[in-house]
Protein chains: 2
Amino acid sequence: MARISMEDVAERAGVSITTVSRVLNNTNHPVSEKTRKKVMKVIQELDYKPDISAQSLRQSFNNIIALITRDISDPYFGEMARGVTETANKYGILTFVCNTGRNPENEIQYHELLWQHRVRGIILGGGGLNLEAYKIKLQEQMNRYKDNGHKIVSLAPQGFDMDYVMIDNRGTGELITDYLIARGHTSIAYISGPQNTYTAFDRLEGYKLCLKKHNLPYDDLMIAYSDNSWKGGYEAANILLDRSIKFTGICCGNDNLAVGALRAFKERGLAVPEDVSVISIGDLPNANYTAPPLTTVRVPLYEMGAKAVNIIMSDDTQEYNANIIFKTVISERQSVSNIK
Amino acid sequence: MARISMEDVAERAGVSITTVSRVLNNTNHPVSEKTRKKVMKVIQELDYKPDISAQSLRQSFNNIIALITRDISDPYFGEMARGVTETANKYGILTFVCNTGRNPENEIQYHELLWQHRVRGIILGGGGLNLEAYKIKLQEQMNRYKDNGHKIVSLAPQGFDMDYVMIDNRGTGELITDYLIARGHTSIAYISGPQNTYTAFDRLEGYKLCLKKHNLPYDDLMIAYSDNSWKGGYEAANILLDRSIKFTGICCGNDNLAVGALRAFKERGLAVPEDVSVISIGDLPNANYTAPPLTTVRVPLYEMGAKAVNIIMSDDTQEYNANIIFKTVISERQSVSNIK
DNA sequence: CATAAAACGGAAAACGTTTTCCATGTATTT
DNA sequence: AAATACATGGAAAACGTTTTCCGTTTTATG
């Protein structure tokens with residue numbers, strides 16, 4: 001059972017491969033109904049499927065998109081990947097999932113490969129890194145893509161101008177801080193993701209802004225930095241608890257950090273939300289199943305991923321900037337208490 | 001800045017494209033050191049990268065692999081995907097992540113696409129479905145791949161013969177049941193994943209076998225079936241609690257189910273592990289951060305994914321069967337009590 | 001009825017590689 | 001010195017499509 005080519009179909013149908021191609025792609029070049037039927041029948045019989053490499057080569061673009069993630073085992077990226085791959089599937093196209101393992105060099109290397117594959121579009125999943133050398137290199141790659149008609153969409157701030165579909169990270173940082181303040185909290189700690197990512201940076205900025213807005217004092221000791229993992233949140237919470245500070249509420253840059261913090265509080269005998277209120281950003285599917293269920297901001301990762309694919313697949317040849325901000329709202333659960 | 005082709009390199013280096021190809025792939029056809037240097041220099045200068053579509057077309061295979069998952073946002077598949085994509089990256093190859101959304105039809109459809117893409121290998125992430133029509137269709141696809149030299153590896157039982165890298169699901173079902181029994185539990189409930197997947201079926205079989213081995217009575221009412229989600233586990237646990245049965249321990253077919261059950265028990269005022277012991281299979285990264293931390297069987301998903309890629313990339317032309325069973329061990333944490 | 005236009009179909013070029021085959025020159029063997 | 005082997009390089013075919021170009025037949029138009 002070897003591979004069937006267009007030539008096999010053409011031969012059996014008694015037509016030229018040109019005609020087969022035409023019925024398959026129903027171009028505007030007319031084909032008689034009789035011929036079309038005949039060809040279709042043979043295609044069915046032989047179960048012919050066009051070879052995508054050949055198509056790509058000839059058309060100099062293909063129907064592959066790529067999603068760059070930092071860690072696909074992190075439900076944050078998982079949710080995003082689900083949105084991307086499922087939407088892509090609706091278009092009948094496939095997705096390269098590229099996992100950088102949080103290593104900027106890997107990311108650059110991936111772009112070389114994607115370039116060679118002539119992928120139709122690239123979705124940048126993670127927030128950009130604020131490292132000068134990396135940014136320059138990345139921007140070069142982006143330009144090369146653009147110059148050759150590939151589309152790129154980012155799902156997080158990259159620190160330079162490009163099409164994006166994201167949330168207002170700073171505004172969301174404000175939102176969660178505000179939420180705690182509105183419930184009487186005035187001593188609010190913060191666990192942040194890596195400060196060299198724009199996403200984490202912006203969220204923390206929102207926190208600072210919000211404190212200022214409410215004339216609450218800002219204290220460096222109330223901030224702990226970490227990676228975006230459960231373990232990181234756990235360690236950061238412990239660091240905060242070891243400091244000579246007091247807080248009744250804590251904002252976490254994302255859900256993973258909050259889950260880790262929850263564990264740390266539990267170990268230290270602190271009840272949530274009675275002793276300390278916890279709020280975070282993400283609303284990943286398991287936020288319902290933590291103890292207590294987590295009050296967190298819903299980030300529509302799935303929808304964002306889906307939208308990015310739609311943008312890539314849209315046939316807008318006209319130059320346009322896709323600058324889309326998704327709204328965020330708080331999913332109220334049981335990790336925040338009102339102490340007013 | 002257009003695309004650079006081999007011809008551009010050849011022209012600039014004053015050689016034929018044949019020669020360029022030869023230095024690039026260092027074939028055994030000799031090329032003088034002088035020419036090689038010259039060509040390499042031009043390749044560097046022009047930053048030439050071969051076009052992969054053209055390579056695929058000519059060589060009739062490419063360096064793409066595919067991973068079929070049911071739900072990439074589930075950390076179970078996420079961990080697997082990380083193992084696959086990161087290992088693939090070491091070989092300089094890319095991975096299509098195909099998300100079926102637990103829909104068998106999608107899976108079949110994916111295989112058509114993958115066939116068209118001539119992917120080098122396919123990794124079946126999820127356990128096979130025990131549905132006759134689907135199985136026949138799937139097996140057809142597998143045969144087509146095999147007949148054309150594509151490699152397929154499954155990470156879970158499929159219900160028919162093929163290469164695999166997996167764990168002993170039945171044995172692991174026994175393992176967790178045994179663990180509870182050894183600690184004095186004699187009334188043990190079970191939350192199972194969908195019974196039409198071989199994975200869930202086998203694990204439950206292990207439970208039944210273990211009960212019999214210890215002369216403990218088996219009761220259908222002690223079993224609840226569900227999907228593999230947090231929500232499913234939550235609901236299943238509630239169903240069990242609503243039945244007129246008593247149990248001091250519960251085995252969960254996977255971590256997600258256990259997380260959901262944990263939540264249900266908490267809501268019902270049952271303490272874990274004081275009132276009910278919980279054990280499951282998976283040991284996903286967040287098992288450390290549940291309340292209480294989950295005693296669960298470590299399934300080396302990352303390593304299994306990595307191994308599958310290694311098998312696919314191995315150049316063994318000789319016919320061989322890769323039947324690899326990874327050992328499973330229990331990660332002891334705090335969700336099981338000894339009541340002896 | 002003549003003629004322009006549209007319908008229909010095929011031959012061949014093109015996409016960018018790898019690979020087969022051949023040509024030439026140089027070194028080695030007898 | 002002749003014969004053989006090897007080193008080196010290029011021309012051209014091949015992979016399987018899409019697309020351009022052209023030719024023939026039919027239909028529409030005046």
Side-chain angles (χ1 to χ4, degrees), chain A residues 2-40 42-43 46-64 113 115-120 148-150, chain B residues 2-40 42-43 46-64 113 115-120 148-150:
Chain A
R3 255 174 208 278
I4 312 290
S5 80
M6 213 168 235
E7 201 172 350
D8 301 323
V9 176
E11 190 175 350
R12 179 142 167 186
V15 298
S16 73
I17 59 165
T18 310
T19 302
V20 177
S21 176
R22 289 209 258 252
V23 332
L24 225 54
N25 303 304
N26 47 6
T27 56
N28 46 14
H29 188 105
V31 174
S32 77
E33 205 46 41
K34 195 175 137 206
T35 316
R36 180 183 305 276
K37 281 265 167 57
K38 195 169 54 183
V39 171
M40 285 304 268
V42 175
I43 288 176
L46 264 44
D47 192 29
Y48 166 73
K49 297 282 157 62
D51 182 294
I52 294 189
S53 300
Q55 287 183 327
S56 301
L57 178 57
R58 176 58 227 228
Q59 302 189 130
S60 77
F61 73 88
N62 59 27
N63 274 332
I64 301 176
L113 260 178
W115 168 253
Q116 290 186 64
H117 275 281
R118 294 178 180 243
V119 295
R120 175 161 182 162
N148 286 271
H150 306 227
Chain B
R3 257 174 206 280
I4 312 291
S5 80
M6 213 167 234
E7 199 173 350
D8 300 324
V9 175
E11 189 175 350
R12 178 139 169 190
V15 298
S16 73
I17 59 167
T18 309
T19 302
V20 177
S21 176
R22 290 209 256 252
V23 331
L24 224 53
N25 303 304
N26 46 8
T27 56
N28 46 15
H29 188 106
V31 174
S32 77
E33 205 46 42
K34 196 174 141 207
T35 315
R36 181 183 304 278
K37 282 265 169 56
K38 196 169 51 181
V39 171
M40 285 303 269
V42 175
I43 288 176
L46 263 43
D47 192 28
Y48 165 73
K49 297 281 155 67
D51 182 294
I52 293 189
S53 299
Q55 287 182 326
S56 302
L57 178 57
R58 176 59 226 228
Q59 304 191 132
S60 77
F61 73 87
N62 59 30
N63 274 333
I64 301 176
L113 260 177
W115 168 254
Q116 290 187 63
H117 274 282
R118 294 178 181 241
V119 296
R120 176 162 183 160
N148 286 270
H150 306 227

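Proteins come first, then strands; the chains are lettered A, B, ... in the order of their sequence lines, and each starts at number 1.
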Protein-nucleotide distance ([X], atom [atom1]; [N], atom [atom2]), rounded to Å:
X	N	atom1	atom2	result
A:Glu33	C:dC8	CD	C1'	13 Å
A:Asn28	D:dC21	CG	C1'	15 Å
B:Glu7	D:dG10	CD	C1'	14 Å
A:Arg22	D:dT17	CZ	P	16 Å
A:Phe61	C:dA14	CZ	C1'	16 Å
B:Asn25	D:dG9	CG	P	16 Å
A:Lys34	D:dT26	NZ	P	12 Å
A:Gln55	D:dC15	CD	P	17 Å

For a quick check of understanding: with a heavy-atom distance under 4.0 Å over all strands, which category does [X] fall into, base, sugar-phosphate or nothing?
X	answer
B:Ser32	sugar-phosphate
B:Thr35	sugar-phosphate
B:Tyr48	sugar-phosphate
B:Pro30	base
B:Thr19	sugar-phosphate
B:Ile52	nothing
B:Arg118	sugar-phosphate

Within the pair B:Gln59 and C:dT17, is there a side-chain N or O less than 4.0 Å away from OP1 or OP2?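 False: B:Gln59 side-chain N/O out of range (4.0 Å or more) of C:dT17 OP1/OP2.
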For B:Ser21 and C:dT18, is the shortest distance between a side-chain N/O and OP1 or OP2 below 4.0 Å? yes
To the side chain of A:Arg58, which of D:dG9, D:dT17, D:dA7 is closest?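 Among D:dG9, D:dT17, D:dA7, the one nearest the side chain of A:Arg58 is D:dT17.
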Name the closest nucleotide to the B:Thr18 side chain, picking from D:dA11, C:dT17, D:dT20.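 The nucleotide sitting nearest to the side chain is D:dA11.
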Will you find, in the side chains of A:Ser32 and A:Thr35, an N or O donor that is under 3.5 Å from an N or O acceptor?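 A:Thr35 and A:Ser32 do have a side-chain donor-acceptor pair below 3.5 Å.
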Between the side-chain atoms of B:Arg3 and the base atoms of C:dG16, is any donor-acceptor pair under 3.5 Å? no
State the [atom1]-[atom2] distance between [X] and [Y], to the nearest 0.5 angstrom.
X	Y	atom1	atom2	result
B:His29	B:Thr19	NE2	OG1	7.5 Å
B:Arg3	B:Asp51	CZ	CG	6.5 Å
B:Ile52	A:His117	CD1	NE2	3.0 Å

Hey, is the main chain of A:Val119 close enough, under 3.5 Å, to the side chain of A:His150 for a donor-acceptor pair?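 Answer holds: yes.
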First encountered from the 5' end of DNA chain D, between B:His29 and B:Leu57: B:His29
Would you check if B:Pro50 and A:Gln116 make a side-chain contact, meaning some heavy-atom pair closer than 4.5 Å?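 Yes, close enough: below the 4.5 Å cut-off.
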